[in-house]
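What follows is a set of notes on a single structure, which appears directly below.
Only this structure's heavy atoms are used, side chains among them; waters, hydrogens and symmetry mates stay out. Computed from a predicted model, the values in this text were never measured in an experiment. Below, read A as the first sequence line, B as the second, and so on, with proteins coming before strands; counting in each chain starts at 1.
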Number of protein chains: 2
Amino acid sequence: MYAIGEEETVGDAEYVNIWTLPERPARGPKPVYSRAQITEAAIRIADAEGLEAATMRRIAAEIGAGAMSLYRYVPSRDNLIELMADRLMGEIDLTGVPSGDWRADLTRYADGLRAMWRAHPWIAAVQRSLPGLGPNQLLLIERLMGVLDPLVPIDENLGLMALLNGYVEGAVREEISAAEELRRSGLSEAEWMARGHAHVDRLVKSGDYPIFTKIVMEARRPHLSRDDQFRHGLRRVLDCVAAALPPTAQPAG
Amino acid sequence: MYAIGEEETVGDAEYVNIWTLPERPARGPKPVYSRAQITEAAIRIADAEGLEAATMRRIAAEIGAGAMSLYRYVPSRDNLIELMADRLMGEIDLTGVPSGDWRADLTRYADGLRAMWRAHPWIAAVQRSLPGLGPNQLLLIERLMGVLDPLVPIDENLGLMALLNGYVEGAVREEISAAEELRRSGLSEAEWMARGHAHVDRLVKSGDYPIFTKIVMEARRPHLSRDDQFRHGLRRVLDCVAAALPPTAQPAG
DNA sequence: CCGCAATTGCGTACAACGTACTCAGTGGAG
DNA sequence: CTCCACTGAGTACGTTGTACGCAATTGCGG
C-alpha cells in the first residue's frame with residue numbers, strides 16, 4: 001500500500017532561497033574559500049568571456065579549487081548567478097541618496113546603472129523576472145524609491161521607476177548589442193561585418209524597407225555621441241517624471 | 001609552409017545568419033517537416049513548460065521526428081530560438097498602421113506587445129541584444145517607426161520607441177514575474193508562498209526597509225487592476241511622446 | 001588533553017544536453 | 001532508365017550541472 005509518494009522525491013528541482021541560507025554554520029575545518037571570492041571569480045570570467053563561459057568547473061579552476069568544492073558554498077549555479085547579480089547592484093553608488101534634489105539623484109542612478117551594464121554586459125542575459133532580494137538590491141530599492149517617496153504615492157513611484165529603468169536598459173542594450181553579438185559569434189570583426197552587413201545591405205538595396213534604411217544610415221553616421229544621446233533621452237524621461245509630480249515639488253524648472 | 005590556417009577550422013562557433021539561409025534548396029525526396037512546423041512545436045512546448053523544456057529531442061518528439069532530423073531544417077538551437085522570437089513578433093497585429101492617429105497606433109502596439117509577452121512569458125529569457133532581422137520583426141519596425149516618422153527625426157523616433165518598448169517590457173515583467181518564478185521553482189503554490197513570503201515577512205518585520213515594506217503592502221492589496229495600472233502608465237509615456245513632437249502635430253490634446 | 005562528530009575539499013560518476021558523423025533509402029533531372 | 005543530391009534518423013562524443021562518497025581536518029564536550 002501507499003507505494004505512490006513513498007519515496008518523497010516528488011519535485012525534481014529543490015528550490016533554495018540563497019538569501020535565507022547562511023554561508024557558514026560552525027564547527028569543522030576552516031573553509032578555504034568564500035561565497036564572495038567565488039562570486040568575484042565568476043564575475044571576472046563572465047566579464048571577460050561571457051556568462052556561458054562561467055561554468056562551475058571554470059570558476060573552480062579560477063580560484064584553484066576542485067569543481068565540486070563550490071557546492072559547499074553555493075547550492076546551485078542559478079543561485080550563484082543570483083549572487084553575481086546582487087554583487088553588481090552594489091556597484092551602483094547611491095550614498096547620500098535621497099539628497100533632496102530628485103533630478104540629480106535620478107540622474108546619478110541612471111548614470112550608475114548604465115555604467116554597470118556597460119561593464120558587465122552579460123547581465124542582459126540574466127534579467128530575472130522577480131527583482132531579487134539580496135542586500136545590495138534591497139539597499140538600492142530603499143534609496144532609489146526614497147527619492148520620490150514622499151512626493152508621490154507608492155504605486156505611482158513604482159511606475160515611474162519602471163519607466164526610468166526601462167529607458168536605461170533599452171538604451172544600454174542598443175549600445176552593447178553590436179559588441180555582444182560580435183563576441184557571441186566568435187568571428188573576427190572583419191568577418192562579422194562582411195556577413196552581417198551583407199544581409200543588411202541587401203535589405204537596404206531592395207527598397208522595401210525605407211524606414212529601416214533610414215535607421216541604418218543614422219546608425220552608421222550618428223548625429224550625437226553615445227553619451228549625448230543617452231543624456232538627451234534621459235532628460236526627456238525626467239521631464240516625464242516632473243510632469244507626474246504635484247506642482248508643489250518642482251525645484252529646478 | 002603556410003601550415004597555419006591550412007585547415008580553415010579556425011573558429012569553434014560557426015556563425016550562421018538564419019535569414020540568409022533558404023529553407024529548401026531543390027532536388028531530392030520531399031521533406032516531411034518544415035521550419036514553420038518545427039518553430040510552432042517549439043513555441044507550443046515553451047508556452048506550456050518554459051523555454052528550457054524546448055530541447056531538440058523534445059521538439060522532435062512533439063512532431064514525431066527523430067532528434068537529428070531537425071538539423072535538416074535549422075542550423076542550431078540558437079537559430080531556432082531566433083525563428084521562434086520572430087514568429088512571436090508576427091502576433092502583434094499592426095495592419096493599417098500608421099493610420100494618422102499616432103496615439104491610437106502606439107496604444108494598439110503597446111497592447112499587442114503586452115498580450116504577446118503574457119502569452120509567451122519565456123520571451124523574457126530570449127531578449128537578444130540585436131533586434132533581429134526576421135520578416136515579422138522588419139515589418140513591425142517599418143510600421144511602428146512609421147507612426148512618428150515624418151513628425152520627428154529618425155534618431156528621436158528611435159529614442160521614443162525605445163522608451164515605449166522599455167515601459168511595456170518593464171510593466172509586463174512585473175506582471176508575469178510571480179507566475180514565472182513559481183513555474184521555474186517547480187513547487188506547489190502553497191509551498192512557494194510559505195517559503196518566499198517567509199523571507200519577505202522577515203524583511204518587513206525587521207523594520208529596516210520601510211519603503212520596501214510599502215511596496216509589499218501595495219503589491220498585496222493593489223489600488224488599481226493590472227489593466228488600469230498598465231493603461232495609466234502608458235498614458236504617461238504617450239504624454240511624454242507628445243511633449244517631444246513639434247507643436248504642429250497635436251491631434252488629440 | 002582526547003576522542004567524537006561535524007564539516008571540509010575533491011575525485012568519480014551520471015544523466016541530459018547540443019550536435020557531428022554516418023548511412024540506407026528516395027525521387028527529380030538527364 | 002540511371003544518377004546523385006537529398007532525406008530521416010541512429011549512434012556517439014564532448015560538455016554541462018551536480019549527486020555521492022571518502023579521507024582529512026578541526027572545534028567542542030568530557
Side-chain angles (χ1 to χ4, degrees), chain A residues 7-9 11-16 18 21-35 37-38 41-42 45-46 49-84 125 184 186, chain B residues 7-9 11-16 18 21-35 37-38 41-42 45-46 49-84 125 184 186:
Chain A
E7 274 286 316
E8 278 292 54
T9 56
D12 25 290
E14 186 66 23
Y15 176 79
V16 176
I18 186 85
L21 195 73
E23 171 155 16
R24 306 274 98 236
R27 185 99 143 269
K30 283 257 170 68
V32 182
Y33 317 106
S34 72
R35 263 191 202 171
Q37 182 189 3
I38 293 169
I45 295 169
E49 306 166 47
L51 188 62
E52 74 275 8
T55 66
M56 297 305 268
R57 287 169 233 260
R58 182 88 172 66
I59 297 167
E62 175 84 7
I63 61 174
M68 290 312 292
S69 304
L70 302 189
Y71 287 94
R72 294 284 173 195
Y73 301 86
V74 163
S76 73
R77 184 170 184 263
D78 281 352
N79 281 123
L80 176 54
I81 291 176
E82 276 190 76
L83 289 176
M84 293 165 72
R184 270 181 55 93
Chain B
E7 273 287 316
E8 280 290 53
T9 57
D12 25 291
E14 187 66 24
Y15 176 79
V16 176
I18 187 86
L21 196 72
E23 173 156 15
R24 306 275 97 235
R27 185 101 141 269
K30 281 257 170 70
V32 180
Y33 317 106
S34 72
R35 264 191 203 171
Q37 183 189 2
I38 293 169
I45 296 170
E49 306 166 46
L51 187 62
E52 74 274 9
T55 66
M56 296 305 268
R57 286 169 233 258
R58 183 88 172 64
I59 298 166
E62 176 85 7
I63 61 173
M68 290 312 294
S69 303
L70 302 190
Y71 288 95
R72 294 283 172 195
Y73 301 85
V74 163
S76 74
R77 184 170 186 264
D78 280 352
N79 281 125
L80 176 55
I81 291 177
E82 276 189 76
L83 289 175
M84 293 164 71
R184 271 180 55 91

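Here the P atom of nucleotide C:dA13 and the CE atom of A:M68 are 14 Å apart, to the nearest Å. Between the P atom of D:dT15 and the CD1 atom of A:I59 lies a distance of 17 Å, rounded to the nearest Å. One interatomic measurement links the two molecules: CG of A:L70 to P of C:dG11, which rounds to 12 Å at whole-angstrom precision. Rounded to whole Å, atom C1' of D:dG8 lies 11 Å from atom CD1 of B:I38. Computed from coordinates, the B:M56 CE to D:dG10 P distance equals 15 Å when rounded to whole Å. One atom, CD1 of A:I63, and another, P of C:dC10, lie 9 Å apart when rounded to the nearest Å. Taking atom OH of B:Y73 as the reference point, atom C1' of C:dG18 lies 19 Å away to the nearest angstrom. Distance CG (B:L80) to P (C:dT19): 10 Å, rounded to an integer number of Å.
The side-chain heavy atoms of A:L21 and A:P75, taken from C-beta on, include a pair separated by under 4.5 Å.
Side-chain atoms of B:Y73 come within 3.5 Å of backbone N or O of B:Y33 as a donor-acceptor pair. When atom types are taken as modelled, the side chain of A:Q37 and the backbone of A:I63 share no donor-acceptor pair closer than 3.5 angstrom. For the pair B:R57 (side chain) and B:A67 (backbone), a donor-acceptor distance under 3.5 Å is absent.
Side-chain proximity of A:R57 to C:dG18, D:dG8, C:dA13: nearest is C:dA13. Of the candidate nucleotides D:dG17, C:dG18, D:dG8, D:dG17 has the atom lying nearest to any side-chain atom of A:R77.
Taking the nucleotide of DNA chain D with the nearest heavy atom to each of B:A65 and A:D78, the more 5' of the two is matched to B:A65.
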Nucleotides 25-30 of chain C: which of its N/O atoms have a protein N/O under 3.5 Å away?
none

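Note: B:R77 CZ to B:L70 CG = 11.5 Å, rounded to the nearest 0.5 Å.
For B:R72 against D:dG8, a side-chain N or O and a base N or O form a donor-acceptor pair under 3.5 Å.
Of the options B:L80, B:L83, B:I81, B:D78, a side chain to side chain contact (heavy atoms under 4.5 Å, CB included) to B:I18 is made by B:L83 and by none of the others.
Nearest approach of B:A53 to B:R58, heavy atoms of both residues: O-CG, 3.5 Å.
Within the nucleic acid shown, B:S69 comes within 4.0 Å of at least one base atom, counting heavy atoms only. Contact annotation for B:A60: no contact, since no heavy-atom pair falls under 4.0 Å across all strands.
Between A:Y33 and C:dC10, a side-chain N or O to OP1/OP2 separation shorter than 4.0 Å is present.
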